[in-house]
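These notes are about the structure you will find just below.
The sequence lines fix the lettering, A, B, ..., with proteins before strands; numbering per chain opens at 1.
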Amino acid sequence: MKEEINALKTIDSKQFQHDLISWFASEHRDLPWRENKDPYRVWVSEIMLQQTRVDTVIPYFNRFMEWFPTLDEFAEADEERVLKAWEGLGYYSRVRNLHSAVKEVKATYGGVVPDTPEEIAKLKGVGPYTAGAILSIAYGKPEPAVDGNVMRVLSRILLIREDIAKPKTRKTFEVAVRALIDHENTSFFNQALMELGALICTPGKPACLLCPVQEHCEAFKEGVQSELPIKIQKKKTRTVPLVAAILTNHKGEFLIHKRPSEGLLANLWEFPNFEIHTGLLAKRDFFNQELKELLGVTSELGELLVKIEHVFSHLVWNVDTFSGVIPTEMDQNIMKKHQFQWVSEIDLEQYAFPVPYQKMMAAFKEKNM
DNA sequence: CATCCGTGGTG
DNA sequence: TCACCAAGGAT
């Protein structure tokens with residue numbers, strides 16, 4: 001059963017384009033990635049903005065462009081620096097995929113971001129939204145860039161009641177955008193839809209009285225704007241108990257561990273920690289049992305340093321964190337094999353740590369001050 | 001298609 | 001306090 005978008009038959013698309021783009025031209029925010037149309041800058045900004053607020057992205061984007069001003073320079077950057085640029089932003093596979101894709105662009109396309117849907121869609125981390133965003137914003141191609149904003153805005157304007165949580169629903173909105181998009185200004189049109197969603201047509205109570213396309217909006221006519229979009233999703237987060245320790249040696253160096261290359265927080269660094277799968281032992285004893293089994297050494301742990309609860313999108317960590325020392329020498333081969341390193345306090349700054357471990361270190365420094 | 005993948009802001 | 005969210009993509 002194919003849903004039909006009835007409102008597409010009656011909407012005045014030319015007038016809609018004009019009202020929307022005129023509003024955007026005068027009311028848009030001055031954001032750093034809007035300084036020019038450099039496809040590389042557009043690309044980086046779109047990846048950063050995935051599931052992430054504008055205010056959060058701005059400082060990261062500015063620093064990223066200082067560190068890696070051009071596509072070529074980013075392609076040559078080393079992995080550790082790349083992860084450091086993303087530290088704290090979350091969804092770290094975004095930047096690993098971006099780095100991989102940029103290297104691909106340099107190698108295959110001479111450093112020029114491709115401008116066709118077929119080529120750009122092949123790049124790692126570039127899905128339907130990002131492909132459309134780069135093509136329309138940087139290259140003026142009439143491609144839809146359907147994100148959460150666009151689905152919310154158009155679900156109201158066109159009275160589309162499909163569940164936007166379902167993957168196939170995006171296709172319905174792509175059809176709508178193709179029917180409405182201004183071929184003379186694809187960049188402003190797509191950005192304006194998103195800007196409208198961010199500033200006026202917001203999730204809770206949209207500011208319809210300020211809306212430049214109010215007269216085109218079916219939901220406003222019916223007074224049902226707050227009921228749209230339809231979105232049903234379930235949420236079941238499991239809680240994972242962990243025990244962690246900030247461990248130092250006689251030189252005052254810290255023991256850190258590089259996480260696996262796949263899965264949660266891939267390739268980032270952490271302090272030694274273990275998931276608790278038995279309640280039989282005291283947490284401190286459990287930690288030492290696991291550490292002994294893994295690295296062949298025993299730590300001397302102090303009192304509990306801090307309890308940390310960290311909420312991810314799909315799970316919760318409960319981490320009991322200790323501080324302690326490892327008084328004995330450790331086998332270099334075992335350390336290397338399991339991706340452990342001793343690093344000085346100064347050198348810790350070179351490594352990318354996810355937020356929960358930053359909290360642990362903050363507590364450690366507070367206590368030892 | 002459902003699940004995995006971060007973080008900080010908000011009512 | 002807590003559910004919901006914010007310019008999604010990979011598997």
Side-chain angles (χ1 to χ4, degrees), chain A residues 24 28-29 31-34 41-61 83 86-98 100-101 120-134 136-138 144-153 163-171 173-174 177 187 190-199 201-205 226 229 231-238 240 259-268 270 308-317 352-359:
Chain A
F24 181 76
H28 71 85
R29 293 167 290 181
L31 301 172
W33 46 90
R34 288 177 174 162
R41 290 171 61 93
V42 172
W43 185 4
V44 170
S45 73
E46 292 302 339
I47 300 299
M48 282 190 175
L49 286 163
Q50 288 172 6
Q51 302 292 280
T52 311
R53 286 180 161 74
V54 165
D55 289 343
T56 302
V57 166
I58 289 172
Y60 279 92
F61 180 83
L83 285 172
W86 217 264
E87 182 185 52
L89 250 192
Y91 288 141
Y92 299 96
S93 67
R94 288 185 294 174
V95 78
R96 293 187 298 115
N97 287 334
L98 176 63
S100 168
I120 204 166
K122 290 179 187 166
L123 299 171
K124 281 183 191 168
V126 177
Y129 164 74
T130 305
I134 296 172
S136 62
I137 296 172
V146 176
D147 70 337
N149 283 310
V150 172
M151 289 196 283
R152 183 172 60 257
V153 169
D163 179 6
I164 67 167
K166 294 194 177 305
K168 67 174 298 188
T169 302
R170 194 196 69 249
K171 295 186 172 69
F173 288 93
E174 287 175 346
V177 171
S187 172
N190 278 345
Q191 289 187 76
L193 279 181
M194 293 186 276
E195 195 82 341
L196 190 67
L199 300 180
C201 197
T202 51
K205 300 178 179 67
S226 60
K231 184 177 188 179
I232 27 189
Q233 60 175 2
K234 54 275 159 234
K235 185 70 51 166
K236 46 175 179 283
T237 60
R238 68 192 170 96
V240 178
R259 294 178 59 88
S261 59
E262 293 184 345
L264 185 66
L265 306 170
N267 283 3
L268 274 75
E270 65 185 2
I308 294 190
E309 181 184 272
H310 189 76
V311 180
F312 295 91
S313 48
H314 59 298
L315 58 87
V316 179
W317 275 3
F353 287 86
V355 168
Y357 299 102
Q358 294 177 16
K359 292 178 182 168

Hey, which sits more toward the 5' end of DNA chain C by its nearest nucleotide, A:Leu31 or A:Val126?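 It is A:Leu31, whose closest nucleotide lies nearer the 5' terminus.
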Please classify the nucleic acid contact of [X] as base, sugar-phosphate, or nothing, using heavy-atom distances under 4.0 Å.
| X | answer |
| --- | --- |
| A:Ser45 | nothing |
| A:Arg34 | base |
| A:Lys166 | nothing |
| A:Trp86 | nothing |
| A:Gly88 | sugar-phosphate |
| A:Leu265 | sugar-phosphate |
| A:Arg238 | nothing |

Rounding to a whole Å, what distance do you find between [X]:[atom1] and [N]:[atom2]?
| X | N | atom1 | atom2 | answer |
| --- | --- | --- | --- | --- |
| A:Leu98 | C:dG8 | CG | C1' | 14 Å |
| A:Leu123 | C:dG8 | CG | C1' | 16 Å |
| A:Ile308 | B:dG6 | CD1 | P | 17 Å |
| A:Ile232 | B:dA2 | CD1 | P | 10 Å |
| A:Glu309 | B:dG8 | CD | C1' | 15 Å |
| A:Ile47 | B:dC5 | CD1 | P | 19 Å |

Under 4.5 Å between any side-chain heavy atoms of A:Val177 and A:Val146, yes or no?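 Side-chain contact under 4.5 Å: yes.
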Strictly by modelled atom types, are A:Gln50 and A:Tyr129 linked by a side-chain donor-acceptor pair under 3.5 Å?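 No.
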Taking [X] for its side chain and [Y] for its backbone only, find out whether a donor-acceptor pair lies under 3.5 Å.
| X | Y | result |
| --- | --- | --- |
| A:Arg152 | A:Gly197 | yes |
| A:Glu195 | A:Arg29 | yes |
| A:Gln358 | A:Phe353 | yes |
| A:Tyr60 | A:Glu87 | yes |

Partners of A:Arg170 by salt bridge (charged side-chain N to carboxylate O under 4.0 Å, His left out), sequence neighbours excluded?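 With neighbours one apart ignored, the set is A:Glu174.
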P gap between B:dC5 and C:dA6, integer Å: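 Those two atoms are separated by 23 Å.
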How far, in whole Å, is C:dG9 from B:dG8 if one measures between their P atoms?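 It works out to 22 Å between them.
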Generate the contact string for nucleotides 1-6 of chain C. Rules: B means base contact, S means sugar-phosphate contact only, - means no protein heavy atom under 4.0 Å. ----BB
Tell me which of A:Ala165 and A:Arg94 sits closer to the 5' end of DNA chain B, going by the nucleotide each one is nearest to.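 First, find each residue's nearest nucleotide; the 5'-ward one identifies A:Ala165.
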If each of A:Lys205 and A:Gly90 is mapped to the nucleotide of DNA chain B with the nearest heavy atom, which maps nearer the 5' terminus, i.e. the 5' end?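 It is A:Gly90 whose nearest nucleotide is closer to the 5' end.
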Check this one for me: any side-chain N or O of A:His314 less than 4.0 Å away from OP1 or OP2 of B:dT3?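 Result: no.
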Which of these nucleotides, B:dG6, B:dT7, C:dA10, is closest to any side-chain atom of A:His310?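 Minimum distance to the A:His310 side chain belongs to B:dT7.
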Closest to the A:Pro167 side chain: B:dT7, B:dC1, C:dG9?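 So the nucleotide nearest the side chain must be B:dC1.
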More than 12 heavy atoms of other groups within 6.0 Å of A:Lys359 NZ: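 Yes, NZ of A:Lys359 has more than 12 neighbouring heavy atoms, counting only those of other groups under 6.0 Å.
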